[in-house]
There are 2 protein chains.
Amino acid sequence: MDFEPLGLATDLVILTVRDGRLQVLLIRRGIPPYRGRWALPGGFVRPNEDLETTARRELAEETGLSAERIHLEQVATYGAPDRDPRGRVVSVAYLALVPDLPAPVAGSDAASASWVDATDVLDDSGRLAFDHYRILADGVERARAKLEYSPLATAFCPPEFTISELRGVYEAVWGLPLDPRNFHRKVTKTPDFVEPAGTTTTRDGGRPAQLFHRGTATTLHPPMTRG
Amino acid sequence: MDFEPLGLATDLVILTVRDGRLQVLLIRRGIPPYRGRWALPGGFVRPNEDLETTARRELAEETGLSAERIHLEQVATYGAPDRDPRGRVVSVAYLALVPDLPAPVAGSDAASASWVDATDVLDDSGRLAFDHYRILADGVERARAKLEYSPLATAFCPPEFTISELRGVYEAVWGLPLDPRNFHRKVTKTPDFVEPAGTTTTRDGGRPAQLFHRGTATTLHPPMTRG
DNA sequence: ACAAAAGTGTTAAGCCTACACCCATGC
DNA sequence: GCATGGGTGTAGGCTTAACACTTTTGT
């Protein structure tokens, strides 16, 4: 077996929706290379550790969440020979979707971690270290695409949510407004997308809204439509 | 940098449509582990070689094709610590779609390479070495899904093709019959999916059919519908 | 009462499905 | 002529997009 010298890492695109905007968790690098630049959280895979285990461990370290219930999926692997000046490092990127956390981001590296508007970062391709701009772009595009045909948007929501909160997720991720009335009808009519919790809330103002939780559907027929 | 001992490889899911059926290129392993078992073609990434370069090199070796014009895309990365009995090997899987080759499969390893019905292999989860059953399943599912919303089906066709040949691709990959008349209308009306070549052929029998080549579209609006 | 947000009804346009039907070739 | 596949037309059902309208709360 030719085991050439090689580092294996995972990088995380951790997304949330806060204040109606799509935000990504970035850390400011305290050590070279790219010292002082923003980067995606990530770290090396330990011996005998599965890739997804690494990603969940990093996620827990960065967000302070026990990452059991967080949606996490692999996006792509980046392995250009010169992508890391320290040597050959191949990175497997994961996408994590978290609800708007009531608790602040806390963890060992948290002093330098913050939520940043994803669109702002995507508007400036030079702001991130390494090839993290490309990784972020791929992760966001994955999220945007999956909202169409999967019930993934609920991963951004707390366990119980209103239809308009769910709509807020779509509007933030896609960056466009949706008709509240047609959205409501479509979501509630798609089988097993959401299920009524039987309770209501007035936290969004106006008439009390029914609360829902995730349904059992894994794909949406018909899909949600973007613009 | 902690460069633990680690192998990095790529494995290829090479698909084609022959005789109206979806087929995958497999090799019979001549050496342990899994000697004598079927496996996906693949090999180790060389020092300073990009991942996709490795995949294209393997593709050329296995199919004898100069792989420039072949559709190739990354699917996922598999890194369970025990997936290879020889040690820690992480594999990046690629999906390749090739036209029905007039030339036989030829190459250094070709003596043991053959086209096998994908559905047959997917019916028996124990036939492939390593975790290649999972990789194949993921690759085929990717292909099936992408036919819906991308013009990817043309990657299975020669440079010029008829609408019914294109329909044959859909029917083989999805494993279900489609209405020839509605399919024809939909394909030719979707902007930039296919463009008329201006010539006709009678190679499929019956009335001469127009020949087309790929259009410039990258996504299909509206998508093709499965079942 | 008024503002605000939830939720329902309606209508016109577009898309999909199914199938009848005609066209152009080889034999 | 007849078989074979290519290609067009059309009617009914379903989905969507746009928006009028009613409901239920907080202030």
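Quick note on labels: first sequence line is chain A, next is B, and so on, each numbered from 1.
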Check your understanding: C:dG7 C1' sits how many Å from A:D204 CG, rounded?
Key -> 14 Å

Point to revise | A:H184 vs C:dG7: side-chain N/O to OP1/OP2 distance below 4.0 Å | key: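 For C:dG7, OP1/OP2 do have a side-chain N/O of A:H184 under 4.0 Å.
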
Review point. Does B:K186 put a side-chain nitrogen or oxygen below 4.0 Å from OP1 or OP2 of C:dC15?
Key: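 No, outside the criterion.
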
Atom [atom1] in [X], atom [atom2] in [Y]: separation rounded to 0.5 Å?
X: A:I135; Y: A:S91; atom1: CD1; atom2: OG; answer: 5.0 Å
X: A:E165; Y: A:T154; atom1: CD; atom2: OG1; answer: 13.0 Å
X: A:I14; Y: A:I70; atom1: CD1; atom2: CD1; answer: 9.5 Å

Exercise for review: Please examine the side chains of B:N182 and B:R185, heavy atoms only from C-beta on, and report whether any two atoms are closer than 4.5 Å.
Suggested key: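 They are in contact (side-chain heavy atoms under 4.5 Å apart), so the answer is yes.
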
Review point. Is there a side-chain contact between A:L40 and A:L12 (heavy atoms, below 4.5 Å)?
Key: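 A side-chain contact is absent here, since even the closest heavy-atom pair is not under 4.5 Å.
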
Revision key, fill the gap. Chain B reaches DNA chain D, atoms under 4.0 Å from its heavy atoms, from D:dT4 to D:dT10

Practice item. Using a 4.0 Å heavy-atom cut-off across all strands, classify B:T225 as base, sugar-phosphate, or nothing. Key: sugar-phosphate

Point to revise | N-O pairing of A:D11 and A:R83 below 4.0 Å | key: yes

Check your understanding: Please walk me through it: do B:Y133 and B:R127 pass side chain to side chain contact (heavy atoms under 4.5 Å, CB included)?
Key -> CA-CA 8 Å; B:Y133 177 83; B:R127 193 157 0 163; over 6 Å; no

For residues 20-27 of chain A, tabulate all N or O donor-acceptor pairs below 3.5 Å that involve a side-chain atom, not counting sequence neighbours.
from, atom 1, to, atom 2, distance (Å)
A:R21, NE, A:D117, OD1, 3.2
A:R21, NE, A:D117, OD2, 2.7
A:Q23, OE1, A:R18, NE, 3.1
A:Q23, NE2, A:D117, OD1, 2.8

Practice item. Mind running a 4.0 Å heavy-atom check of residues 211-219 of chain B against DNA chain D and sending the residues that fall below it, in number order? Key: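 By residue number: none to list.
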
**Study point:** Partner set under ring-ring contact (aromatic ring centres under 6.0 Å, His included) for B:F130, not counting sequence neighbours
**Key:** B:Y34, B:H132

**Study point:** Residues forming a ring-ring contact (aromatic ring centres under 6.0 Å, His included) with A:Y149, sequence neighbours excluded
**Key:** none

Check your understanding: Bend across the helix from C:dA1-D:dT27 to C:dC27-D:dG1, to 10°, with axes taken over 5 pairs at each end?
Key ->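 The two end axes of the helix from C:dA1-D:dT27 to C:dC27-D:dG1 meet at 0°.
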
Practice item. Report, as a single string ordered 5' to 3', how protein heavy atoms within less than 4.0 Å touch nucleotides 19-27 of chain C: B base, S sugar-phosphate only, - not at all. Key: BBB-BBB--

Distance-only donor-acceptor pairs under 3.5 Å for side chains of residues 219-227 of chain B, two or more places apart:
from, atom 1, to, atom 2, distance (Å)
B:T219, OG1, B:H221, NE2, 3.3
B:R226, NE, B:E148, OE2, 2.7
B:R226, NH2, B:E148, OE2, 3.0

Review point. When you measure from every atom of DNA chain C, which of residues 152-173 of chain B have a heavy atom less than 4.0 Å away?
Key: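 Within this stretch, nothing sits under 4.0 Å of the strand.
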
**Study point:** Closest contact, heavy atoms only, A:E62 versus A:A113
**Key:**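 Reported closest heavy-atom pair: OE1-CB, 4.4 Å.
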
[X]: which residues meet the side-chain contact (heavy atoms from CB on, under 4.5 Å) condition with it, sequence neighbours left out?
X: A:D138; result: A:V75, A:Y78, A:R134
X: B:T201; result: B:T162, B:R203, B:L211
X: A:P196; result: A:Q210, A:F212

